[in-house]
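Okay, structure first, notes after.
None of these values were measured; they are calculated from a predicted model. In this chain, residues are counted from 1 in sequence order.
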Amino acid sequence: MSERPVDSGRNDEAGLSATGEFFSVGAPLQAVRASYIPRRADELLYEAAIAGRHAHVIAPDRSGKSSLIAATAARLELYGLRVAILDLEQISTRDAASDAGRWYYNVAYRLLRQLRIRFDLQAWWQEKAILGNRQRLLEFYSEVILQNISQSIVVFIDGMQCVEELPYAEHLLASVRSAHNARTTDPDFLRLSFVLLGECDPLVLVDEPESSPFTVTQAIPLDDFTRADLQRFAPTLAVSASDVNEALDRIWFWTRGQPYLTQKLARAVARDVRPGPVPEQVDRIALQQLAGRAALNSEPHMSHIHRQIVSSGKLRERLLNLYGRIRKGITVSADLGSPPHRRLLATGLVEVDEAGDLRVRNRAYETVFTARWANDNIRIQWRVPLLVAAALLVVVSIPLWYTQWLPQPYARILTSPTTPLLAAETAWRGLRSFPGHAEAADRLYRSYLAAAAERAESSGVMAAVASMAAQLPGAGSLPQELTAEFWDRRTSLAVRGERRDEALLSA
């Protein structure tokens, strides 16, 4: 661990920052500064930057990357180097994440502001519009940055995971590789170095390996705290001197040195003054703040890991199955050639143990991300298509039922020769009451009345049929026509029966 303060101007009262990468709880921390960074990462990155080497730091969420940037940038500026810090997450969420041209313009604009260069970027950018994004950035490094700054320059690019979300952003990585290649022909590029940071799988960020900067950058490991590192928290804990090691052992039991979880739990223990056995005190706090299924919603770091896995697209089911096997205690040898293995390692949820196998990183993760959690989220993945299919079935079935099945009982009534007149009228009015079925109801009712008129054996029945026909919308002369046909049939029957008086009367 580095003995040097990260930032002598930072207020010790600040507490845990939004990113979880600074820890301070007041006066007792005068000797323990804001951020703990493993000495190896701090020194390696500083030495690489001073030597002008490109570097990358790939580490999970809330592992101390922001603190590492702040600490190293402060040292480099004291040494006389110029430093720029570019956060891709800010550009992706605020500045035209869907517009490639504007996105790259914002990259250049932010670098100018960070390096405090006065320059008409808009005019220059339009002048170079004929160039592709990679080449335009390379020209920007050469003609703008290196021509306006005489010192060595280190550019920190944080949030590399955003490159995977924005496919066109890979030209930024290609420009870094091109800047490295340009050193062989343009010595000025020896003054420009890049440090790439993020929580990602570098192999999926660039389609062409020869364009990847990760093959020419120095890997800087950002390790968890060791148990010895936790002694730095001893002065802050609200326990007796005789119980300090027991408290730290229990903190280590829950977090295994994960920087954010360790600092959060240590801060909570430092603020808890309730009496009781120290291990039980730490367990109670850990279960309240870090553990259990509720932490998926209440604890930002746990929520972040959950979102990373369930939002992994095509890899989602494979990640959940892989993690489920690990969580159930099945031995899974680490395979860095496997995309699911690399992605799961990138989330920080698992690590490679001494035997080369994957294991859950700490006890806090084990209590939140259980085998049941993995199974539930696999089922949810299938549940969504099933719900969609069910919704489509409903969407298709409702019109089919309404147009085909709904009229059938009414149609059977109106087409039956035994249906009484009153029942037919009721069925007609019922079917007609449904929107869209009025025309079909009228057509069926008209046919029914014509058949009823043919079956009528008395003038009384015929009068009832004619009265019902008159109620049809647009009936016109239908009642008279049915009545005339009825009397024509009566006349013909009387003539054939040689009932002259009845025939005359009917006619």
[X] and [Y]: side chain donor to acceptor below 3.5 Å:
{"X": "Ser63", "Y": "Tyr260", "answer": "no"}
{"X": "Thr215", "Y": "Arg177", "answer": "yes"}
{"X": "Glu139", "Y": "Trp124", "answer": "no"}
{"X": "Asp283", "Y": "Trp254", "answer": "yes"}
{"X": "His56", "Y": "Thr217", "answer": "yes"}
{"X": "Arg134", "Y": "Ser178", "answer": "yes"}
{"X": "Arg110", "Y": "Gln90", "answer": "yes"}

For this session: Take Glu199 and His304, measure what side-chain hydrogen bond (donor to acceptor under 3.5 Å, both in side chains) needs, and give me the verdict at the end.
Result: CA-CA 11 Å; Glu199 45 175 318; His304 178 83; 3.0 Å; yes
For this session: Please confirm whether the backbone N or O of Phe189 pairs with a side-chain atom of Arg183, one donor and one acceptor, at under 3.5 Å?
Result: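 Such a contact is found between Arg183 side chain and Phe189 backbone.
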For this session: Please check if the side chain of Tyr104 supplies one atom and the backbone of His171 the other of a donor-acceptor pair under 3.5 Å.
Result: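 Present.
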For this session: Could you check if a side-chain atom of Asp353 sits within less than 4.5 angstrom of a side-chain atom of Leu358, using non-hydrogen atoms only?
Result: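 Side chain of Asp353 against side chain of Leu358, heavy atoms only: no contact under 4.5 Å found.
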Exercise. Are Glu280 and Arg274 within salt-bridge range, i.e. N to O under 4.0 Å?
Worked result: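 A salt bridge is absent here (no side-chain N lies under 4.0 Å from a carboxylate O).
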Problem set entry | Arg227 CZ: over 12 foreign heavy atoms closer than 6.0 Å |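 Result for CZ/Arg227: enclosed.
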Problem set entry | Heavy-atom neighbours of Phe119 CZ exceed 12 at 6.0 Å |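 Counting neighbours around CZ of Phe119, more than 12 heavy atoms of other residues, nucleotides or ligands fall under 6.0 Å, so yes.
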Exercise. Could you walk me through whether Glu89 and Gln161 pass the side-chain hydrogen bond (donor to acceptor under 3.5 Å, both in side chains) check?
Worked result: CA-CA 9 Å; Glu89 286 191 336; Gln161 63 274 8; 3.0 Å; yes
Exercise. Applying the salt bridge (charged side-chain N to carboxylate O under 4.0 Å, His left out) test to Asp224, which of Arg62, Arg361, Arg256 qualifies?
Worked result: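 Only match with Asp224 under salt bridge (charged side-chain N to carboxylate O under 4.0 Å, His left out): Arg361.
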